[in-house]
Peer 1: 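Dropping the structure in here first, questions after.
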2 protein chains.
Amino acid sequence: MSKIKVTSTNHANKQDLAERCVEVYAAQTIGGQWALVISCWLMHGKLRFGELKKLLPNITERMLTLQLRKLEADGIVTRTVFAEVPPRVEYELTPIGYELKPVLDQLEKWGDKHKKLRQK
Amino acid sequence: MSKIKVTSTNHANKQDLAERCVEVYAAQTIGGQWALVISCWLMHGKLRFGELKKLLPNITERMLTLQLRKLEADGIVTRTVFAEVPPRVEYELTPIGYELKPVLDQLEKWGDKHKKLRQK
DNA sequence: GACATTACTTACATTTTTGATAGTATATAA
DNA sequence: TTATATACTATCAAAAATGTAAGTAATGTC
């Protein structure tokens, strides 16, 4: 499941950075091209796999799965499978997941300011 | 200088995400393996290229250059060259760069909490 | 029995990011 | 004259992330 090479310099560097700098640790945890948007949407409440897919029209099922699994592994979302056919799976933020709110808020604030500056 | 393929799906997706979600826009702007740590160090004041290198013992000069150039292009740091030999170049956060502080603070806060949860 | 639905998985290809290594310029000091 | 220090640049190689396309399971519906 993991394609990372534990012996690579890159891997070592990432680990080192995460250990020495909590900010980097946090950034790595919510990193990945789609993880942040997914978190943003889940802030509003739980969603099914298919609902997320509709909200992110360009994402492939593969990527959505991968990122959700990573978020799950990192304790940021929970995955609830209902024994139905066709299957139903719901994703919801964990408490620590919901605590990302202030981070997202600050990112939004800063992003807005930066965007405006750039437009001038 | 840019190795990105403007015609790729990946590129299109990134653009799209950044447009639709300011949080992602912000995250992309300070993304890159080393950009955040560099920003953290620069929060304390301006630094020379060589000083940054010492603070990040594992970074290659190439990567340090690349990330600093990106930060410069994005208006987050300024680059001041002194006409001396050997050369001296100083990097400092711009006003909007310094405004990353609250973002870093929140990342730190969250990162700490998350780390503690994981250790249990 | 064929079909639709949903949330996936698998194998492979492409793109993007990062790393390794070896250069370069140039005034000053030895 | 050679060496030194500093902030780079240029190539090439490796690793990591993302995308493409095609499957799968299982049950209820027609």
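What you see is a predicted model; the values in this text were computed from it and never measured. Residue numbering restarts at 1 for every chain, and letters A, B, ... go by the order of the sequence lines.
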Peer 1: The side chain of A:Met63 lies closest to which of these nucleotides: C:dT18, C:dA27, D:dT18?
Peer 2: D:dT18

Peer 1: Respond yes when some side-chain nitrogen or oxygen of A:Gln67 is under 4.0 Å from OP1 or OP2 of D:dT18, and no when none is.
Peer 2: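 Checking A:Gln67 against D:dT18: at least one side-chain N or O falls below 4.0 Å of OP1 or OP2.
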
Peer 1: C:dT18 P sits how many Å from A:Ile4 CD1, rounded?
Peer 2: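 A:Ile4 atom CD1 is separated from C:dT18 atom P by 15 Å.
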
Peer 1: Under a 4.0 Å N-O cut-off, is there an ion pair linking A:Lys101 with A:Asp105?
Peer 2: yes

Peer 1: On DNA chain C, compare the nucleotides closest to A:Pro86 and A:Thr65; which residue's is nearer the 5' end?
Peer 2: A:Pro86

Peer 1: Could you pick out which residue, B:Thr9 or A:Phe49, lies toward the 5' side of DNA chain C when each is mapped onto its nearest nucleotide?
Peer 2: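 Between the two, 5'-proximity favours A:Phe49.
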
Peer 1: Separation of A:Gln15 atom CD from C:dT18 atom P, in whole Å?
Peer 2: 16 Å

Peer 1: Using the side-chain contact (heavy atoms from CB on, under 4.5 Å) definition, which of the options B:Ile96, B:Val24, B:Ile76, B:Leu71 pairs with B:Thr29?
Peer 2: B:Ile76

Peer 1: Is there a side-chain contact between A:Asn13 and the phosphate of C:dG19, meaning an N or O under 4.0 Å from OP1 or OP2?
Peer 2: yes

Peer 1: Should A:Lys14 be listed as having a side-chain N or O under 4.0 Å from OP1 or OP2 of D:dA17?
Peer 2: yes

Peer 1: Give the nucleotide from the list D:dG19, C:dA7, C:dT16 with an atom nearest to the side chain of A:Val89.
Peer 2: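 Closest nucleotide to the A:Val89 side chain: C:dA7.
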
Peer 1: State whether A:Arg88 places a side-chain N or O below 4.0 Å from either non-bridging phosphate oxygen (OP1 or OP2) of C:dT5.
Peer 2: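 Negative; the distance criterion is not met.
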
Peer 1: Just how far, in rounded Å, is C1' of C:dT17 from CD of B:Gln28?
Peer 2: 14 Å

Peer 1: Hey, could you give me each pair passing salt bridge (Lys or Arg N to Asp or Glu O under 4.0 Å) that has a residue in residues 22-51 of chain B? Not counting sequence neighbours.
Peer 2: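 Applying salt bridge (Lys or Arg N to Asp or Glu O under 4.0 Å) to every pair that reaches into residues 22-51 of chain B, excluding sequence neighbours, yields B:Lys46-B:Glu90.
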
Peer 1: Is A:Thr78 reaching over with its side chain to a backbone N or O of A:Glu92, donor-acceptor style, under 3.5 angstrom?
Peer 2: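 Yes; at least one donor-acceptor contact below 3.5 Å.
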
Peer 1: Whole angstrom is fine here: how far is it from CG in A:Leu52 over to C1' in C:dA7?
Peer 2: 12 Å

Peer 1: If you take atom types as modelled and just measure distance, does the side chain of A:Arg62 reach the base of D:dT18 with a donor-acceptor pair under 3.5 Å?
Peer 2: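 For A:Arg62, whose side chain was compared with the base of D:dT18, there is a donor-acceptor pair (under 3.5 Å).
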
Peer 1: Could you tell me whether a side-chain N or O of B:Gln67 sits under 3.5 Å from a main-chain N or O of B:Ala35, the two making a donor and an acceptor?
Peer 2: yes

Peer 1: Within the side chain of A:His114, is there an N or O that forms a donor-acceptor pair under 3.5 Å with the backbone of B:Asp74?
Peer 2: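 Between the backbone of B:Asp74 and the side chain of A:His114 there is a qualifying donor-acceptor contact (under 3.5 Å).
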
Peer 1: Go through D:dT18, C:dT17, C:dG19 for me and flag the one nearest to the A:Asn10 side chain.
Peer 2: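 In terms of side-chain proximity for A:Asn10, the closest of D:dT18, C:dT17, C:dG19 is C:dG19.
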
Peer 1: Less than 4.0 angstrom between a side-chain N/O of A:Lys54 and OP1 or OP2 of C:dA7, yes or no?
Peer 2: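 Answer is no, no contact under 4.0 Å.
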
Peer 1: If you check the B:Thr60 side chain, which of C:dA20, D:dT20, C:dT16 turns out closest?
Peer 2: C:dA20

Peer 1: What is the distance from CG of A:Leu47 to P of C:dT6, rounded to the nearest Å?
Peer 2: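 In whole Å, C:dT6 P lies 15 Å from A:Leu47 CG.
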
Peer 1: Does a distance-only test, which skips hydrogens and angles, find a donor-acceptor pair under 3.5 Å between the side chain of A:Arg48 and the base of C:dT6?
Peer 2: no

Peer 1: Which part of the nucleic acid, if any, lies within contact of B:Tyr91, taking any heavy atom under 4.0 Å across all strands shown: a base, the sugar-phosphate backbone alone, or nothing?
Peer 2: sugar-phosphate

Peer 1: Rounded to whole Å, please give me the gap between CG in B:Asp16 and C1' in D:dT18.
Peer 2: 15 Å

Peer 1: Using atom CD of A:Gln33 as one end and atom P of C:dT14 as the other, report the distance to the nearest whole Å.
Peer 2: 19 Å

Peer 1: Take atom CZ of B:Arg79 and atom C1' of D:dT6, then tell me their distance rounded to the nearest Å.
Peer 2: 12 Å

Peer 1: Relative to the 5' end of DNA chain D, which residue comes earlier, A:Lys5 or B:Gly50, by the nucleotide with the nearest heavy atom?
Peer 2: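 In this pair, the answer is B:Gly50.
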
